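Every value quoted in this text rests on a predicted model; they were computed, and no experiment measured them. Side chains included, hydrogens not; waters and symmetry mates left out as well; all remaining heavy atoms used. For this chain, numbers begin at 1 and follow the sequence in order.
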Amino acid sequence: MAGEGEPLSLQEQLARRRRGAFVGRHAEMAAFTGNLGTGPADPAHTFLFHVHGPGGVGKTTLLERWERAARERGALTATVDETAMTVPAAMDAVCAALAAQGRPLKATGKLLALHRQLRQEAESLAAGDAGPSVTGTLAAHAGLAGLGLLPGMGALAGAMDPAQVAQGVDRLRGLLGARFRDERELRLVLDPVAVLSPVFTADLAAAAAHAPWLTLFFDTYERTGPVLDRWVRDLFVEGRYGALPATVVVTLAGQRAPDPAVWADHLDLVAALPLAPFTEDESRQLLAARGVTDEAVVAAVLRLTDGLPVLVGALAASRPGHPDAVGDPADTAVERFLAWEPDPDGRAAVLAAALPLELDEDVYRTAVAADAPQAAGRYDWLRGLPFVTEHGGRARYHDVVRAQMLRLRRTRSPQRWREQHERLAAAYGGWRAREERGRGVGELWADEAWRAQRLHEVYHGLCADPRAALPDTLMDLARACTAGPGTARRWVRMLTDAAEDTEAPALARWAAALGEVYAGAYGHGADAGASDTGLAARALTVILERGALDRERRAAVHAVRAWARRQAGRPYDALADYDRAEQLGMRGFLLHTGRGDTRWTVGDPAGAVPDYAAALAAEPGHPRAPYVRTQLGGALMRTGRPAEALAELDAAVGADPASALAREYRAMVLLSLGRPADALADAEACLADAATPDIGHLMLRAVAHLELGHRELAAADLDALLADPAAVRQWADDLGPYVPVPRVLDAAPREH
């Protein structure tokens, strides 16, 4: 770029001229640029704009122009769009934008990378098929309800109640202490917003110090607002996470006005800019700039577009020479907008490529293969079309243009419409199947890439045949609800898209009912502990109560709701759901394991025994069988059946020698059977595999040494135990009936 005083290159002159052709919105441009010309102390200065208006009215185009104007004035800028469905994702987008301008948010970037790593690790450990030792520990220490770290649940996207976080940190420190190094890492998994936001704020403040303005734009806010709105308010208005300089200017842009539930106390600080369709003069100006001046043609364009800039621009680009050439916008989207494209394959490719929700080169080739095979190599051309935008390597049509193209395709050739969507569904299904590689269901739903492929596969299945695809779609939605509110919202949005794109009233009713569950859930604040599993249970109740499922699917959804209710702290309701699933004919490993774990949760190990035994009888070779055998052994121990417990625990250790929980239980049983030497070997194995000693394992080793008369060897363990007497007492109260804990406590004073 030319420096100040240097002559502009030809390309820069052309770029400026093209930017100067921006039509209309003079008042809005003046409001924004004029604001950057005032000082922050000026009472007229605005720090928060809220642009709102219907789809196709030009919000994104206006924000792009505002961002360009801000950069021309030396501002740092960043845009967050609809891909940011969690607070950490929004921070990530800002980090990437500022890094590209030479102002990386280094501390935030490092912490976000650590958050992603820890979240993946936690999800892997907590997934249903993650491995018996850790998964068994999580289930055995029931009470991680609502923390989102159990099979199928992603780590929380937002903050949690402080007391719940503290309780979760205490439990996870004991359970996963060997894998999570300190309390901050645990909190970064459990409560990322609270940990990340102060660092993000400090980084933003430091970056802003190097520029006259820092301007942040949140586009497509009707989609991201439910997740980001309160965080945006807390961060930028209330200063909850630290002070920001007064040179920060924030713009929110969506289809709706500011949410009064969030902004009621701050509306005096928000400059609301409702964006209306183009006036007749603005539409005429755009048409004239594109060479469309014939009054009859202009009148036809004005009549058909209602002033929506995206449609006015589409018609202007096609340069219609006669009013009869200006048809219904659905026809116009292809027939007139691409009238200048002489290649029929190119025009057919544009129409075919409108079917997917988003595009990469593989999806594009699949979409156009049948209708426009000669255009299969023209993906780069498609990306350059004026109604196509790109983010993160994915291209998307503008919603209004795409809607017109889809309507044209669906109404002109319903059978072709169905065949194309079936082909796209099959392609996504093939890509999704390759990602599975034998992984279990819980692990797959924790995998964002797999979820995305499945979502697009389901979308195209719905578009091909809404009625036939709905029952299986509801099953996928049930699982999506257990993967966290962010994932659930994406699936509800997909269902909404399918309803609009097919004009299927039944899908629209389902989308509205499920959307209502998540409308006020933003994954941040004191109620976030309930927003994961509690919202999942509510959504699953909607699915069950609307009566669209057959007996087998109802049983499966009852089982999923049982899981959600147990994690939300409602174990007795969960037991009722498991029983109902069984009454509807569901059997098998997962049902009995889930009900056994729930009975363990409510303090009924005797009731858990038959369920664990039934799970093993149903599927002895299941990948989680060693975990279930461990649980069965623990339940038998707690019900006074040590000999049977030992047989199960021997088998569990044989199947998974690395299972610390199986060895821990077996050490207890061996001590109760008077075999301290064997118990000592298990306790030593547990401690050898742990990065930091566990209180329970130290206790078991101390008990074994004392039972063997090795009082001096027990002394070091007793020192460590007495450093945390509360934890020792809790362990003793819980497990004292199964091992001779009082002897340890009595012996400790004599050794010291």
Side-chain angles (χ1 to χ4, degrees), residues 32 48-71 75-101 105 108-109 112 157 200 204 214-232 235-236 248-256 258-259 273 275 309-310 356-360 363 383 385-403 448 451-452 455-456 485-487 489-494 496-497 522-524:
F32 184 79
L48 180 61
F49 290 95
H50 196 297
V51 178
H52 60 94
V57 82
K59 298 181 293 296
T60 297
T61 302
L62 179 65
L63 259 61
E64 289 171 353
R65 189 66 185 89
W66 279 11
E67 183 172 16
R68 192 178 298 126
R71 289 202 186 187
L76 290 172
T77 71
T79 295
V80 178
D81 64 15
E82 65 191 75
T83 60
M85 292 302 290
T86 66
V87 171
M91 296 183 196
D92 215 4
V94 174
C95 286
L98 296 185
Q101 297 164 67
L105 307 185
T108 304
L112 280 166
F200 180 65
L204 279 182
L214 171 61
T215 56
L216 303 177
F217 301 91
F218 293 83
D219 198 8
T220 345
Y221 207 62
E222 70 275 6
R223 297 192 180 185
T224 59
V227 180
L228 303 181
D229 220 14
R230 294 181 190 238
W231 174 73
V232 167
L235 182 73
F236 296 109
V248 174
V249 177
V250 178
T251 299
L252 313 176
Q255 293 186 8
R256 295 179 289 275
D259 182 356
L273 291 177
L275 207 59
V310 68
L357 291 168
E358 61 183 26
L359 295 159
D360 60 19
V363 177
R383 291 164 57 205
L385 296 177
F387 54 84
V388 177
T389 58
E390 195 165 11
H391 181 85
R394 301 278 177 168
R396 293 180 64 96
Y397 282 35
H398 189 286
D399 287 345
V400 173
V401 173
R402 180 173 180 266
E448 184 175 353
R451 289 198 309 262
L455 180 144
H456 290 289
T487 297
R489 288 189 194 96
R490 290 187 186 94
W491 278 75
V492 173
R493 180 68 230 177
M494 177 275 292
T496 302
D497 288 337
Y522 53 89
H524 170 63

Review point. Looking at CG of Asp81 and OH of Tyr221, how far apart are the two atoms once the value is rounded to the nearest 0.5 Å?
Key: 13.5 Å
Check your understanding: Does any non-hydrogen side-chain atom of His52 lie less than 4.5 Å from one of Gln255?
Key -> no
**Study point:** Trp66: partners by ring pair (Phe, Tyr, Trp, His ring centres under 6.0 Å), with sequence neighbours left out
**Key:** Phe32, Phe49
Exercise for review: Report the C-alpha distance between Thr60 and Asp219 in whole Å, list the side-chain angles of each, state the deciding distance to 0.1 Å, and finish with yes or no for side chain to side chain donor-acceptor pair (under 3.5 Å).
Suggested key: CA-CA 7 Å; Thr60 297; Asp219 198 8; 2.7 Å; yes
Exercise for review: Begin from the C-alpha positions of Thr251 and Leu216 and carry the test side-chain contact (heavy atoms from CB on, under 4.5 Å) through to its verdict.
Suggested key: CA-CA 6 Å; Thr251 299; Leu216 303 177; over 6 Å; no
Revision key, fill the gap. When rounded to the nearest 0.5 Å, the distance separating CG of Leu228 from CG of Leu235 is 11.0 Å
Review point. Are side-chain heavy atoms of Val80 and Thr224 found at a separation under 4.5 Å?
Key: no
Exercise for review: Supply the atom-to-atom distance Asp259 CG to Arg230 CZ, rounded to the nearest 0.5 angstrom.
Suggested key: 7.0 Å
Exercise for review: For the pair Arg396 and Glu82, find out whether any cationic side-chain nitrogen is under 4.0 Å from an anionic carboxylate oxygen.
Suggested key: yes
Point to revise | Side chain to side chain, Arg493 and Thr496, heavy atoms closer than 4.5 Å | key: yes
Exercise for review: Evaluate the side-chain proximity of His398 to Thr389: yes if any heavy-atom separation is below 4.5 Å, no if none is.
Suggested key: no
Exercise for review: Could you tell me whether the side chain of Val94 reaches within less than 4.5 Å of the side chain of Asp92, counting heavy atoms only?
Suggested key: no
Practice item. Kindly indicate whether the side chain of Leu204, heavy atoms from C-beta on, has any atom under 4.5 Å from the side chain of Leu98. Key: yes
Study note, to complete from the structure: Smallest heavy-atom separation, Met85 atom then Ala89 atom, equals N-CB, 4.3 Å
Point to revise | Residue pair Gly109 / Cys95: nearest heavy atoms and the distance that separates them | key: N-SG, 4.3 Å
**Study point:** Side chain to side chain, Phe200 and Leu105, heavy atoms closer than 4.5 Å
**Key:** yes
Practice item. Assess whether side-chain contact (heavy atoms from CB on, under 4.5 Å) is satisfied between Thr79 and Thr77, documenting all intermediate values. Key: CA-CA 7 Å; Thr79 295; Thr77 71; over 6 Å; no
**Study point:** Whether over 12 other heavy atoms sit under 6.0 Å from Glu448 CD
**Key:** no
Review point. Between the side chain of Thr220 and the main-chain N/O of Arg223, is any donor-acceptor distance below 3.5 Å?
Key: no
Revision key, fill the gap. Rounding to 0.5 Å, atoms CG (Asp229) and CH2 (Trp231) come to a distance of 11.5 Å
Check your understanding: From Leu455 CG over to Leu357 CG, what is the distance, rounded to the nearest 0.5 angstrom?
Key -> 7.0 Å
Practice item. Could you tell me which non-hydrogen atom of Val388 sits nearest to which non-hydrogen atom of Ala395, and how far apart they are? Key: CG1-CB, 3.9 Å
Check your understanding: Between Glu222 and Arg256, is there a side-chain N and carboxylate O pair less than 4.0 Å apart?
Key -> no
Exercise for review: Indicate yes or no: does Glu67 engage Arg71 in a salt bridge with an N to O separation below 4.0 Å.
Suggested key: yes
Exercise for review: Please list, chain by chain and in numerical order, all residues satisfying ring pair (Phe, Tyr, Trp, His ring centres under 6.0 Å) with Tyr397, sequence neighbours excluded.
Suggested key: Phe387
Point to revise | pair Leu214-Val249: side-chain heavy atoms closer than 4.5 Å | key: no
Exercise for review: Output the distance between atom CZ (Arg68) and atom CG (Leu63), rounded to the nearest 0.5 Å.
Suggested key: 11.5 Å
Check your understanding: If only atom types and distance count, is the side chain of Thr215 paired as donor or acceptor with the main-chain N or O of Leu76 below 3.5 Å?
Key -> yes
